[in-house]
Amino acid sequence: MNRFFLPVTNQPDTIKKAMLVLELGQDPSGFRVVQATVSGQAVSSDLLGARLDQLPLPFSAPALLDQLQAAVVHNLPGQFTFAHPDVTHTYHCEVMPVDDRRLVLSLERQESVPNGPLALADIVETMPAGLIVFRAIRDEKQTIIDFQAILCNQFGANIVGQSRETILTQPISRRYENMQEYAFFHQYVAVVESGKPHDQLLHLPTLDLWLDVSVVKYGDGLLVSFQDVTVGQKTASLLASVMNSSPAAVRYYEAIRDSSGQIVDFMTSTGNELAAYRDFRPYPSTIGRRLLDLYPHLKTNGIFERYVAVVESGESQRFETSYEGPANTAWFDSTAVPHGNGFVITNLDITPFKRAQLAQQRQSELITEVLNSSATSILVLDPLYDEAHQLTDFRINLANPATQVLFARFVGRDFTQEAILQQTMLTLFPAIRERDLFKALASVVTTGQPLQAAVDYPQLGITYDYAISPFQTGVLMITTDITPLRAYQQQLEANNAALIRSNDYLQQFAYVASHDLQEPLRKIYAFGDLLLKQYTPVLDANGQDLLQRMQGAAIRMQTLVKDLLDYSRLTTIQTPFEPVSLQELLRATLDDLETVIQDTNATITQRGDALPTILADKTQMGQLLQNLLTNALKFTRPGESPQVRITASLLGADQLPQPVLPSASSQWVSLCIADQGIGFDEAYQERIFELFHRLHGRSRYTGTGIGLAVVKKVVENHHGLITATGRPGEGATFTVYLPIH
């Protein structure tokens with residue numbers, strides 16, 4: 001609640017007439033102002049709770065304080081006159097105790113020797129404040145049931161809107177029907193019964209009037225005083241509205257001094273609040289409370305000393321403060337400005353800015369840590385120009401610790417980071433102007449296009465990779481030591497060369513296998529055939545058996561050489577892929593196997609989707625289908641006809657049995673060839689694709705052990721997948737997954 005008191009002034013002779021309601025504080029000699037009225041002067045709000053001995057003369061005169069103390073001790077009204085050496089007038093006073101802690105003081109300056117005592121009633125009538133004294137009306141049980149006015153000045157009657165005669169002759173209940181339903185009646189009763197005063201700011205809407213009301217116990221009744229504070233309240237409301245809409249908090253604190261005049265605390269006065277303060281504010285309202293009671297930590301963090309220095313020196317201070325809350329920290333930009341016997345503090349919530357600043361600082365620290373821990377040299381170079389605006393050099397603006405190691409290798413001595421920064425490249429390396437590196441740096445500055453190149457330094461046995469790109473007005477140069485990578489690359493190049501030579505040898509072998517090896521085999525077979533045809537009569541059974549075995553061996557050798565030649569071609573000869581219809585290729589393969597199918601009385605069925613057209617090597621795809629179908633027809637159980645099932649499905653990449661690279665095709669075809677033959681143990685499902693690997697002897701099933709190896713190689717050449725499942729005696733299933741695009 002706002003209070004309005006007499007203005008503080010250093011000119012005591014300006015006080016002509018005053019009435020004060022005083023309250024005895026904790027200090028037996030200290031009276032605090034509760035209400036005050038000064039005749040002929042505006043009323044001020046600067047003295048909320050001010051001690052009388054802290055006010056200017058005549059209010060702080062020792063003679064006056066002694067008389068007031070005596071009035072409280074004896075609890076009797078009295079009159080007295082006093083003067084003081086520092087004032088030129090005599091003052092006449094009347095004191096009326098209200099209770100054991102409150103009294104009313106009237107004071108009037110005498111221009112000349114008074115003709116007689118000043119009547120308290122005269123002061124009551126002339127004071128610009130309402131004053132009504134009520135006595136309590138009790139029933140036979142001593143319960144307060146009403147109040148009757150026994151004193152009322154004209155100002156009070158005017159504010160109430162009734163004549164003094166009516167007020168003084170009628171109890172309150174005659175003016176207020178159902179009086180006990182009004183809150184003020186119960187407040188009045190509580191003051192009389194408890195002795196505790198009641199203060200409130202009362203608004204009368206019908207009169208557009210604001211009253212500052214103070215109710216204190218007076219005997220077995222009440223002393224009610226009220227002042228018209230409408231103008232001040234409207235001004236305060238406007239000020240509060242302005243301050244509440246302000247992004248900053250503004251509050252006044254008045255100094256509290258000890259007997260030696262030292263500031264020991266500050267009294268919290270009027271001001272607005274910030275939403276950011278709510279988490280740190282110990283009470284809903286802080287007005288009228290001591291600063292150190294509210295925020296004791298200010299005594300230890302140096303802020304309290306700042307406030308004292310502002311008041312004592314009269315100089316403003318600006319600083320940053322922070323508050324640790326249960327869930328977060330708030331930051332404020334604070335400015336303390338001296339004002340009267342205290343200071344005005346302005347706090348602006350800078351928490352969002354501070355958090356962004358701290359985040360940026362942490363980011364900067366992280367970048368610095370990355371730069372310092374990086375094994376790669378990082379340089380920021382700013383170009384320097386001569387008067388003709390020709391590029392002459394580069395100044396080092398930033399260099400991380402790895403740059404020191406890099407520079408030391410070239411000049412044969414160590415560098416400190418301070419010795420590098422703000423130096424020029426020509427100062428450190430005079431010969432650099434003639435090097436390609438300087439030309440590259442100049443090109444990036446001129447064209448704005450980044451460059452990257454690897455440079456070998458054979459004399460040092462190192463290789464650096466330079467990545468140069470535009471950065472602000474200069475360039476950013478990142479230098480990476482790729483000496484191990486360069487050595488690996490050279491080894492890889494040597495391995496590639498060896499692989500090329502190996503492929504050449506393999507091609508030569510394939511040529512020999514296709515020509516030089518097969519020619520003797522054809523002659524062996526031809527000569528053996530002649531022997532069998534022309535000399536059978538002269539050969540006994542043993543000789544004929546040997547010739548037939550020789551012929552079988554020659555045929556197997558020819559088949560083996562042919563299969564080896566086919567496999568080598570899968571590795572050494574790669575033809576461009578072309579659209580291949582798998583459905584048509586499957587039909588052609590089955591036509592080629594028609595004789596075998598008829599001889600074995602095989603049953604072949606196809607189900608599922610039609611096989612699509614894919615990009616592939618048609619010859620290799622033919623080998624794949626030929627070998628898979630031949631195996632399915634060959635490995636049958638004794639006495640049973642082959643049963644072969646071909647199933648095709650279109651799949652997405654996420655439906656494959658194992659993950660593929662993101663760059664792989666998103667559409668795939670699954671080709672499954674299943675039989676009901678002899679099957680195999682799945683412990684061998686990987687080995688069956690190895691070259692020359694056989695699970696059965698040649699006496700039972702013919703073949704060279706190369707067919708499935710060819711199938712897997714074809715699948716790999718087409719970036720596909722293949723799986724095999726089976727159980728002994730229950731058949732085998734081979735599934736090929738091929739990308740469509």
List the atom pairs, with distances to 0.1 Å, where a side-chain N or O of residues 460-481 and a protein N or O form a donor-acceptor pair under 3.5 Å, not counting sequence neighbours.
{"from": "T463", "atom 1": "OG1", "to": "D456", "atom 2": "OD1", "distance (Å)": "2.6"}
{"from": "Y464", "atom 1": "OH", "to": "R409", "atom 2": "NH1", "distance (Å)": "2.9"}
{"from": "D465", "atom 1": "OD2", "to": "Q452", "atom 2": "NE2", "distance (Å)": "3.1"}
{"from": "Y466", "atom 1": "OH", "to": "Y457", "atom 2": "OH", "distance (Å)": "2.7"}
{"from": "D481", "atom 1": "OD1", "to": "T483", "atom 2": "N", "distance (Å)": "3.0"}
{"from": "D481", "atom 1": "OD1", "to": "T483", "atom 2": "OG1", "distance (Å)": "2.6"}
{"from": "D481", "atom 1": "OD2", "to": "R409", "atom 2": "NH1", "distance (Å)": "3.0"}

Using distance only, find each side-chain donor-acceptor pair of residues 669-678 under 3.5 Å and give its atom names and separation, not counting sequence neighbours.
{"from": "D675", "atom 1": "OD1", "to": "G677", "atom 2": "N", "distance (Å)": "2.9"}
{"from": "D675", "atom 1": "OD1", "to": "A732", "atom 2": "N", "distance (Å)": "3.1"}

Point to revise | Qualifying side-chain hydrogen bond (donor to acceptor under 3.5 Å, both in side chains) pairs, either residue in residues 425-451, two or more places apart | key: T424-T427
Point to revise | Residue list, salt bridge (charged side-chain N to carboxylate O under 4.0 Å, His left out) with K354, at least two apart or on another chain | key: E320
**Study point:** With F429 via ring pair (Phe, Tyr, Trp, His ring centres under 6.0 Å) - residues at least two apart
**Key:** F407
Exercise for review: Applying ring pair (Phe, Tyr, Trp, His ring centres under 6.0 Å), name anything that partners F394, two or more places apart in sequence or on another chain.
Suggested key: F438
Exercise for review: Sequence neighbours left out, what passes side chain to side chain donor-acceptor pair (under 3.5 Å) with N495? Give chain and number order.
Suggested key: Q491
Residues 587-598 side chain polar contacts: donor-acceptor under 3.5 Å, at least two apart:
{"from": "T589", "atom 1": "OG1", "to": "L585", "atom 2": "O", "distance (Å)": "2.8"}
{"from": "E594", "atom 1": "OE2", "to": "Q598", "atom 2": "NE2", "distance (Å)": "3.3"}

Could you tabulate the donor-acceptor pairs under 3.5 Å formed by side-chain atoms of residues 718-726, not counting sequence neighbours?
{"from": "H718", "atom 1": "ND1", "to": "V714", "atom 2": "O", "distance (Å)": "2.8"}
{"from": "H718", "atom 1": "NE2", "to": "D617", "atom 2": "N", "distance (Å)": "3.0"}

Check your understanding: Are any non-hydrogen side-chain atoms of K618 and M621 less than 4.5 angstrom apart?
Key -> no
Review point. Do N627 and T630 have a side chain donor and acceptor closer than 3.5 Å?
Key: no
Study note, to complete from the structure: Contacts satisfying ring-ring contact (aromatic ring centres under 6.0 Å, His included) that involve residues 527-548 (not counting sequence neighbours) are none
Practice item. Determine which pairs satisfy side-chain hydrogen bond (donor to acceptor under 3.5 Å, both in side chains) with at least one residue from residues 640-652, sequence neighbours left out, and list them in order. Key: R637-E640
Review point. Are I396 and L381 close enough that some pair of their side-chain heavy atoms sits under 4.5 Å apart?
Key: yes
Review point. Any salt bridge (Lys or Arg N to Asp or Glu O under 4.0 Å) pairs touching residues 535-551, not counting sequence neighbours?
Key: D545-R549
Check your understanding: Does atom CD of E365 have more than 12 heavy-atom neighbours from other groups under 6.0 Å away?
Key -> yes
